[in-house]
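Bear in mind the structure is a predicted one, so any value in this text is a computation, not a measurement. For reference, positions follow the sequence shown, starting with 1.
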Amino acid sequence: MGDDLGAAGLRFEREGSIGWCVIDRPEARNALTPAMYFGIKKAVRLVNSDPDLAALIITGSGDVFAPGGDLGGRRQPGDAEVPDVGQEILPFLNIRDSRAPIIAAVNGICQAGGLLIAMLSDICVASDRATFRVPELLRGIPDATYAAVLPAHVGIAAARDLLLSARKFDAAEAFRLGVISRVVPHETLREEAIRAAREILQTPPMARMHVKRMLNERYGFIDYQTMFWALEESPEPREGMRAFMEKRAPNWVPDDVAGDPGTEPKARQ
């Protein structure tokens with residue numbers, strides 16, 4: 001496989017025993033194509049199979065970490081074909097279960113699938129400029145991974161708040177709630193991410209993997225069957241994505257609240 005992740009919007013770089021997966025698709029604000037999601041999964045596999053690598057840091061470019069999938073369905077020239085296997089292209093569980101340490105260095109906007117990458121990394125080091133959001137329900141998507149993961153991090157009450165309101169929140173609140181584990185000055189993000197990776201690498205891999213397995217048992221069941229049924233059969237995701245692209249409120253929003261925060265159509269981020 002080499003270091004080619006099969007996605008034009010990803011770069012893989014080596015810094016000694018640490019690999020960097022850089023999300024770099026500035027023309028689309030780092031929106032993730034299917035090939036990019038699958039490429040992040042390849043990066044996790046690479047760091048677990050290459051004897052010269054011991055840890056992986058995932059970060060973004062500019063002022064965006066990752067806003068989730070590209071709702072416009074756009075792909076990039078140079079993207080490799082990805083298998084049509086539903087959730088199997090997604091990297092989230094590979095990140096969670098990786099033997100090699102995975103660090104998320106969140107440099108800016110972090111939403112949807114980007115936030116799942118950050119939450120399921122071993123340590124999330126976030127810039128104090130980072131912002132967060134769980135916007136799936138605004139698009140009509142009953143996201144099964146969030147329903148299983150978020151309550152384990154923040155508790156039921158806060159999970160309801162973040163999932164059902166789909167509001168934005170800053171790095172300080174994300175740290176206070178337990179969505180992420182470290183907030184650092186923006187200028188020191190790179191060195192602090194490297195520090196986190198080196199700290200984890202002081203621990204032995206077999207014992208560390210057992211501890212990770214026991215921690216991961218705290219997460220709930222991921223009901224992908226319902227989620228992918230909705231994506232294929234329910235009219236709500238189609239309407240939600242169409243409304244997003246057309247910069248209008250979806251048809252389920254009452255007229256008298258259509259301009260409220262959280263329901264107002266947003267420009268692509």
Side-chain angles (χ1 to χ4, degrees), residues 7-10 23 25-41 60 64-77 79 81-92 108-119 131-150 159-160 162-169 222-269:
L10 296 178
I23 304 167
R25 192 187 176 208
E27 70 279 8
R29 301 288 279 159
N30 284 359
L32 298 166
T33 64
M36 290 169 71
Y37 270 129
F38 199 57
I40 294 169
K41 186 172 183 175
V64 183
F65 178 69
D70 190 323
L71 297 186
R74 298 172 297 176
R75 298 169 185 259
Q76 286 189 285
D79 278 359
E81 291 295 321
V82 299
D84 184 15
V85 285
Q87 74 266 21
E88 290 301 318
I89 74 166
L90 300 174
F92 310 132
I109 295 169
C110 180
Q111 302 184 3
L115 182 49
L116 283 174
I117 290 169
M119 291 175 63
T131 60
F132 303 87
R133 194 179 199 181
V134 187
E136 275 76 3
L137 275 179
L138 293 177
R139 317 298 172 226
I141 302 170
D143 193 283
T145 316
Y146 269 114
V149 167
L150 194 57
R160 283 193 183 114
L162 299 179
L163 281 165
L164 300 181
S165 73
R167 64 180 177 84
K168 292 182 181 178
F169 51 104
I222 302 177
D223 185 2
Y224 279 131
Q225 183 174 2
T226 295
M227 176 178 168
F228 280 85
W229 169 85
L231 288 171
E232 294 174 4
E233 303 294 337
S234 171
E236 290 180 346
R238 290 190 291 275
E239 167 61 12
M241 294 177 192
R242 186 180 303 114
F244 176 78
M245 298 303 298
E246 295 173 358
K247 297 182 173 59
R248 60 172 174 82
N251 60 17
W252 59 73
V253 179
D255 290 342
D256 60 341
V257 299
D260 287 354
T263 61
E264 185 176 5
K266 304 293 182 181
R268 180 181 302 278
Q269 292 184 317

Novice: Can you find a pair of side-chain heavy atoms, one from Y146 and one from L162, that are under 4.5 Å apart?
Specialist: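 No. Closest side-chain heavy atoms not under 4.5 Å.
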
Novice: Atom CG in L90, atom CG in L32: separation rounded to 0.5 Å?
Specialist: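 Nearest 0.5 Å value for the CG-CG distance: 10.0 Å.
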
Novice: Nearest 0.5 Å please: distance from the CD atom of E236 over to the CE atom of M241.
Specialist: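 Reported to 0.5 Å precision, the distance equals 11.5 Å.
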
Novice: Parallel, tilted or perpendicular: which one describes the rings of F132 and F169, with boundaries at 30° and 60°?
Specialist: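 Answer is parallel, since the angle falls under 30°.
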
Novice: Mark yes when over 12 heavy atoms from residues, nucleotides or ligands other than R160 sit less than 6.0 Å from its CZ; otherwise mark no.
Specialist: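 At most 12 heavy atoms, drawn from other residues, nucleotides or ligands, come within 6.0 Å of this atom.
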
Novice: Report the distance from atom CG of L231 to atom OH of Y224, rounding to the nearest 0.5 Å.
Specialist: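 Answer for the CG-OH pair, L231 versus Y224, is 11.5 Å.
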
Novice: Determine the minimum heavy-atom distance between A112 and P135, stating which atoms define it.
Specialist: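 Looking at all heavy atoms of both residues, the shortest contact is N-CD, 3.6 Å.
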
Novice: Could you tell me whether E136 and R139 make a salt bridge, using a distance below 4.0 angstrom between a side-chain N and a carboxylate O?
Specialist: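 Judged by the 4.0 Å cut-off on N to carboxylate O distance, E136 and R139 do not form a salt bridge.
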
Novice: With side chain to side chain contact (heavy atoms under 4.5 Å, CB included) as the criterion, how do Q111 and V134 come out once you've worked through the C-alpha distance, each side chain's angles and the decisive distance to 0.1 Å?
Specialist: CA-CA 6 Å; Q111 302 184 3; V134 187; over 6 Å; no

Novice: With rounding to the nearest 0.5 Å, note down the distance linking CG in N30 to SG in C110.
Specialist: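 Going from the CG atom of N30 to the SG atom of C110 covers 11.0 Å.
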
Novice: If every non-hydrogen atom of M36 is compared with every non-hydrogen atom of L10, which pair is closest and at what distance?
Specialist: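 The answer is O-CD1, 3.4 Å.
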
Novice: Quick one: does R25's side chain have a donor or acceptor within less than 3.5 Å of a partner on A31's backbone?
Specialist: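 Looks like yes, one N/O pair under 3.5 Å.
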
Novice: Are I117 and F92 packed together at the side-chain level, in the sense that at least one heavy-atom pair is separated by less than 4.5 angstrom?
Specialist: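 A side-chain contact under 4.5 Å exists here.
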
Novice: Where do A230 and P237 come nearest, in terms of heavy atoms and distance?
Specialist: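 A230 and P237 have their closest heavy atoms at O-CG, 3.5 Å.
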
Novice: Check whether any side-chain heavy atom of T131 lies under 4.5 Å from a side-chain heavy atom of K168, and answer yes or no.
Specialist: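 The answer is no; the side chains never approach within 4.5 Å.
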
Novice: Between CH2 of W252 and CG of L138, what distance do you get to the nearest 0.5 Å?
Specialist: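 It is 8.0 Å, given to the nearest 0.5 Å.
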
Novice: Taking all heavy atoms of E239 and all of N251, pick out the closest pair and write down the distance.
Specialist: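 Taking E239 first and N251 second, the nearest heavy atoms are OE2-N, 2.9 Å.
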
Novice: If you compare all heavy atoms of A7 against all heavy atoms of A35, which two are closest, and at what distance to 0.1 Å?
Specialist: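 Result for this residue pair: CB-O, 3.5 Å.
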
Novice: Quick one: CE on M227 to CD1 on I141, what's the gap to the nearest 0.5 Å?
Specialist: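 These two atoms lie 6.5 Å from each other.
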
